[in-house]
Undergrad: 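Quick one: this structure, given as structure tokens, is what I'll be asking you about.
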Amino acid sequence: MKNTLLITLLVSTSVFANQPFQNNFFDRGFHQSVWSNFNQQFQQFNNEMRAVQNRNIFGAQTKRYFDEQSNRYMIEIEVQGLAKKDLDITSENGMIHIKGHVKKIEKMGNNTRTSSNQFSQSYSLPNDADANNIGAEFKNSCLVISIPKLVNTTPIVKQITVQ
């Protein structure tokens, strides 16, 4: 009897050892509750990160055009979240550079949270632009850069002699 019981135990153990582990707790309940919840949270986090990466932090919208009435090239940048003091505009070597930087410090009890955002845009100045008289104005979250067009421009044409 002991030998029969021992043989049956060995045979059943070897049969179950060669079959895949199947337990309803791990296959259905545990998997669906824990891993599905983790997967949903990961997908939500991933979607939020994509939205942050694709969003322009300042919500800037740029419009460039030539104003025939004032004879000026215009750059209008509508910027949310910036103030006049946060802007830096320079012109150098036929380019105009616009930079914005905001630093926020929030105190919550004993904790301090610091964040900073910045942007930079550069534009080529037209050949007939008067780079010495560029003006800028900031009103109601809108930066307007005015670049006068030179009245008398002489085309830069050089004759090149073939040797």
Side-chain angles (χ1 to χ4, degrees), residues 23 25-163:
N23 185 323
F25 174 75
F26 285 103
D27 286 346
R28 291 191 185 122
F30 183 75
H31 177 71
Q32 287 178 352
S33 66
V34 173
W35 294 115
S36 295
N37 190 28
F38 174 78
N39 190 37
Q40 289 171 353
Q41 289 177 353
F42 180 77
Q43 291 299 324
Q44 181 181 359
F45 172 75
N46 196 26
N47 291 338
E48 289 173 5
M49 289 305 294
R50 273 198 204 115
V52 167
Q53 290 170 345
N54 293 333
R55 185 181 70 210
N56 187 329
I57 293 169
F58 297 106
Q61 295 180 5
T62 305
K63 183 170 135 182
R64 294 178 285 169
Y65 61 94
F66 181 74
D67 184 16
E68 301 258 347
Q69 288 181 328
S70 65
N71 201 36
R72 294 174 174 269
Y73 297 98
M74 306 297 288
I75 301 173
E76 292 182 8
I77 304 174
E78 195 172 317
V79 184
Q80 301 297 322
L82 282 178
K84 181 179 171 179
K85 65 178 177 56
D86 301 324
L87 295 168
D88 181 38
I89 305 166
T90 58
S91 109
E92 177 184 16
N93 297 328
M95 299 285 292
I96 187 162
H97 307 283
I98 305 159
K99 296 178 184 176
H101 184 265
V102 175
K103 185 175 183 178
K104 292 182 182 179
I105 300 173
E106 295 179 37
K107 292 188 177 187
M108 304 168 110
N110 294 333
N111 297 327
T112 302
R113 187 170 88 177
T114 304
S115 64
S116 66
N117 297 321
Q118 58 188 3
F119 83 96
S120 176
Q121 293 182 356
S122 296
Y123 301 98
S124 297
L125 292 172
N127 291 337
D128 59 351
D130 184 358
N132 296 321
N133 292 305
I134 297 174
E137 186 177 13
F138 190 74
K139 283 186 186 175
N140 301 327
S141 299
C142 186
L143 174 65
V144 178
I145 299 172
S146 172
I147 308 162
K149 181 178 178 180
L150 292 171
V151 179
N152 296 325
T153 59
T154 54
I156 303 172
V157 177
K158 291 185 178 182
Q159 185 65 37
I160 299 171
T161 307
V162 179
Q163 306 242 348

Undergrad: Taking the side chain as C-beta and beyond, is there a heavy-atom pair between N71 and F66 under 4.5 Å?
TA: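 Heavy-atom side-chain distance check passes, below 4.5 Å.
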
Undergrad: Regarding K139 and E137, does a basic nitrogen lie under 4.0 Å from an acidic carboxylate oxygen?
TA: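 A salt bridge links K139 with E137.
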
Undergrad: List the atom of S146, the atom of P148, and the distance in Å for their closest heavy-atom pair.
TA: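 Shortest heavy-atom contact: O-CD, 3.7 Å.
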
Undergrad: Using every non-hydrogen atom in the two residues, find where D67 and M74 come nearest and quote the distance to one decimal.
TA: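 It is CB-CG, 4.0 Å.
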
Undergrad: Does Y65 reach the side chain of E76, with side-chain heavy atoms less than 4.5 Å apart?
TA: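 Heavy-atom side-chain distance check passes, below 4.5 Å.
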
Undergrad: Please name the pair of heavy atoms, one in A129 and one in I147, separated by the smallest distance, quoted to 0.1 Å.
TA: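 Where A129 meets I147 most closely, the heavy atoms are CB-CG2, 3.6 Å.
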
Undergrad: Compare all side-chain heavy atoms of L125 with those of I134 and state whether any distance is below 4.5 angstrom.
TA: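 Touching, per the 4.5 Å side-chain cut-off.
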
Undergrad: Could you tell me the separation between the CG atom of L87 and the NE2 atom of H101, rounded to the nearest 0.5 Å?
TA: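 It comes to 12.0 Å.
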
Undergrad: Which heavy atom of A131 sits nearest a heavy atom of S91, and at what distance?
TA: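 Taking A131 first and S91 second, the nearest heavy atoms are O-OG, 4.1 Å.
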
Undergrad: Quick one: pull up CG in D86 and NZ in K103 and give me the separation to the nearest 0.5 Å.
TA: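 Output value for this atom pair is 12.5 Å.
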
Undergrad: State, yes or no, whether a side-chain contact exists between I98 and Y123 at a heavy-atom distance under 4.5 Å.
TA: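 Yes; the side chains approach each other to less than 4.5 Å.
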
Undergrad: So how far is it from N111 CG to E106 CD, rounded to the nearest 0.5 Å?
TA: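 The distance works out to 11.5 Å.
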
Undergrad: Does K149 come within less than 4.0 Å of D128, counting only side-chain N to carboxylate O?
TA: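 D128 and K149: salt-bridged.
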
Undergrad: Does any non-hydrogen side-chain atom of L143 lie less than 4.5 Å from one of I89?
TA: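 Yes; the side chains approach each other to less than 4.5 Å.
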
Undergrad: What heavy-atom pair brings K107 and T112 nearest, and what distance separates the two atoms?
TA: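 Taking K107 first and T112 second, the nearest heavy atoms are CG-OG1, 3.9 Å.
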
Undergrad: Measuring from atom OG of S120 to atom NE2 of H97, what distance do you get when rounded to the nearest 0.5 angstrom?
TA: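 Separation between the atoms: 8.0 Å.
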
Undergrad: In Å and rounded to the nearest 0.5 Å, what is the CZ to CD1 distance from R64 to I145?
TA: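 These two atoms lie 11.0 Å from each other.
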
